[in-house]
Amino acid sequence: MSKNNKLSVVMYHYVREIKGSLHPGIKGLEFEKFKTQLDYLQSEYQIIQAEDVISSCLNGSPIPENSCLLTFDDGYKDHIKFVLPELKSRKIQGTFFPPAKAILDRELLSVSAIHFILERCTNYKLLLEELFDLCISRDIKKELLSEWKITYGSTGKWDSEPEPALIKRLLQFVLPERIRTDIISILFEKYIGQKQRDFADDLYLTTHDLKIMLADGMYIGSHGYEHFWLDRCSADEQKEEIINSLKFLTQIGASTKDWMMCYPHGAYNSDTVKLLDEYNCGIAFKDSGGETILDIDRRYDLTRYDTNDFPQ
Ligand SMILES: [Zn+2]
């Protein structure tokens with residue numbers, strides 16, 4: 001009999017009661033739909049534990065046919081408020097990837113700030129014009145903006161319209177960091193009417209929350225420190241990201257033996273892989289690619305499904 005090494009890893013971000021909430025437009029999974037999806041996954045798959053996935057990948061120990069791992073990115077409060085009680089009542093484990101800085105410093109990640117600005121905005125074309133005006137008043141040339149519009153304006157996996165795709169890319173990595181941070185904070189205060197720090201405090205888990213989740217048998221892995229696109233960082237910057245995220249895991253009492261990495265934005269390069277090996281990382285996940293094969297040679301290149309790939 002051949003030994004199974006195929007695994008379906010499902011990726012979640014926001015899981016909450018969305019309809020009728022303060023942020024009804026947030027792109028996340030409605031809690032009711034999460035429960036329906038768990039019913040489906042539990043009937044079609046065997047939900048296995050992070051520790052079994054690590055040892056299967058590194059030592060070749062078998063996992064059941066139709067195995068599934070549940071993963072939750074970005075350290076949202078949703079994960080203790082909605083996800084944890086549901087997983088506990090079903091006696092299944094979740095794997096959580098919180099970005100350390102958001103948890104420790106209570107600072108809003110730019111990726112989260114952008115989600116909520118777009119959530120609140122009803123006219124993406126106007127928002128893009130506003131963003132361009134803010135860029136021009138910061139000495140970004142009109143010609144450069146037109147170039148960016150062409151280079152970064154294509155629709156992506158997550159956005160079917162060009163404007164939100166372009167807004168996200170400009171604010172995530174195209175604009176110089178200082179300008180980006182400054183513009184995000186202006187747009188955030190305008191659209192959300194709240195300081196980013198106060199908002200972050202409600203949005204992210206605390207170290208105390210994470211300790212509770214660990215005590216309840218959940219698994220916690222690294223999602224970097226600042227949630228940087230690692231492929232856009234120097235090797236030294238990446239090293240710092242990894243060291244600091246490991247310090248964080250130690251601080252909350254999570255295991256750092258054959259630890260798990262989840263690349264922020266799914267991005268990494270050959271320096272990342274060298275560093276993961278040097279720091280004894282067990283396995284590492286991207287943010288797409290569907291079904292994964294647990295094989296030691298692919299251990300830093302494991303793929304995942306999105307929750308939207310399964311019935312909800
Ligand atoms: Zn992330």
Side-chain angles (χ1 to χ4, degrees), residues 9-16 23 26-29 50 69-80 82-83 94-119 156-159 164-165 167-169 171-173 177 180-181 184 196 199-200 203-206 209-210 213 218-233 237-238 240-242 244-246 248-249 252 254 259-269 272 276 281 283-289 292 300-309:
V9 184
V10 191
M11 170 179 73
Y12 296 92
H13 288 90
Y14 302 101
V15 179
R16 51 170 68 186
H23 307 285
I26 196 71
K27 286 196 175 143
L29 181 59
L69 181 76
L70 306 176
T71 63
F72 301 84
D73 291 15
D74 293 349
Y76 298 124
K77 269 282 185 205
D78 303 13
H79 300 165
I80 193 162
F82 297 105
V83 175
T95 294
F96 296 83
F97 296 116
K101 191 177 184 199
I103 308 297
L104 294 173
D105 295 352
R106 318 306 293 155
E107 262 181 41
L108 197 60
L109 297 175
S110 58
V111 63
S112 315
I114 297 163
H115 286 155
F116 284 93
I117 292 168
L118 289 169
E119 187 272 329
K157 188 171 33 146
W158 312 109
D159 296 293
I167 292 165
K168 278 186 191 169
R169 289 173 186 140
L171 293 177
Q172 280 181 1
F173 56 81
E177 196 193 342
R180 212 163 68 206
T181 316
I184 289 175
Q196 288 191 64
F199 192 83
L203 185 66
Y204 298 116
L205 297 163
T206 62
D209 293 334
L210 289 166
M213 292 162 73
M218 302 295 130
Y219 184 92
I220 295 171
S222 166
H223 198 33
Y225 189 79
E226 299 225 27
H227 202 267
F228 285 149
W229 301 66
L230 294 176
D231 62 339
R232 293 169 193 275
C233 294
E237 286 164 341
Q238 293 196 42
E240 195 156 315
E241 277 293 298
I242 289 170
N244 287 334
S245 81
L246 287 175
F248 167 69
L249 291 182
I252 60 172
W259 52 282
M260 255 192 208
M261 176 73 186
C262 171
Y263 304 118
H265 312 279
Y268 70 102
N269 61 18
T272 327
L276 292 183
C281 173
I283 60 176
F285 290 103
K286 305 193 281 192
D287 66 349
S288 58
T292 205
Y300 297 147
D301 190 42
L302 300 180
T303 50
R304 291 191 289 172
Y305 283 106
D306 185 72
T307 166
N308 294 316
D309 295 328

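In listed order, ligands and their atoms are each counted from 1.
- Taking the six-membered ring for Trp, H23 and Y14 have ring centres at least 6.0 Å apart.
- Remark: E119 CD is packed, more than 12 non-hydrogen atoms of other residues, nucleotides or ligands lying under 6.0 Å away.
- Nearest to the Zn ion (ligand 1), among the N, O or S atoms that D74 has, is OD1.
- The Zn ion (ligand 1) lies under 2.8 Å from an N, O or S atom belonging to H223.
- Taking a cutoff of 4.0 Å between a charged side-chain nitrogen and a carboxylate oxygen, R304 and D287 do not qualify as a salt bridge.
- Among the backbone and side-chain atoms of H227, an N, O or S atom lies under 2.8 Å from the Zn ion (ligand 1).
- The closest side-chain donor-acceptor pair between D209 and H79, if any, does not fall under 3.5 angstrom.
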